[in-house]
Structures are given as structure tokens and as C-alpha cells.
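Scroll down for the structure; my scribbles are underneath it.
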Amino acid sequence: MKNLLLKVLAIFIFGVNQLLLAQMPPSPDGRPGNGSSGAGGVGPGGKPKNPIDMYEYILVIAAVLLVIYFYKRSKKLKLS
């Protein structure tokens with residue numbers, strides 16, 4: 001019963017989170033609108049929308065290496 005309650009609670013929290021953090025779709029004419037700030041990587045020297053965009057490949061490689069590291073560590077410690 002406890003396990004079922006935790007699963008239902010997790011699904012409920014996930015659903016509420018998706019509803020609260022949903023974003024407005026972009027306007028079809030490309031103009032900033034719907035609450036967007038208008039900052040984007042348009043034209044030469046334009047800033048990227050998120051500073052993370054520049055480091056996307058590095059972050060993916062770091063995530064894969066961390067998964068491998070913690071997997072090997074758990075095998076060594078026999079946690080699973």
C-alpha cells in the first residue's frame with residue numbers, strides 16, 4: 001500500500017510540475033512575444049539563448065563519464 005501511494009504521489013507531482021513549467025508556444029511570425037525576452041542567437045555576434053548551448057557536447061560527455069564512474073563504483077562496493 002505504501003509503495004502504491006508513493007507511485008501515485010510521484011505521478012501527481014510530475015503532472016503538476018509539467019503544468020506549472022509549461023511554456024507558451026513561440027509566435028509564428030518570429031517576433032518576440034508571449035513573454036519572451038527576445039534574446040537569441042540571431043545574426044553575427046548574437047548571444048545564444050542559453051549559455052549552456054555553447055557547452056552542450058562537453059556536458060553530454062561529462063554526464064556519460066559520471067554514469068560510467070558511478071556504475072563501476074557501485075559494482076566495486078557491491079551496492080546492487
So, taking the atom named OH in Tyr55 and the one named CD1 in Ile61, what distance separates them when rounded to the nearest 0.5 Å? 14.5 Å
Measure the spacing between CG of Leu9 and CG of Leu4 and express it to the nearest 0.5 Å. 11.0 Å
Is the shortest heavy-atom distance from the side chain of Leu66 to the side chain of Phe70 under 4.5 Å? yes
About how many Å separate OH of Tyr71 and NZ of Lys75, when rounded to the nearest 0.5 Å? 4.0 Å
Would a single hydrophobic cluster contain both Ile68 and Val60, if residues Ile, Leu, Val, Met, Phe, Trp and Tyr are joined by side-chain heavy-atom contacts under 4.5 Å? no
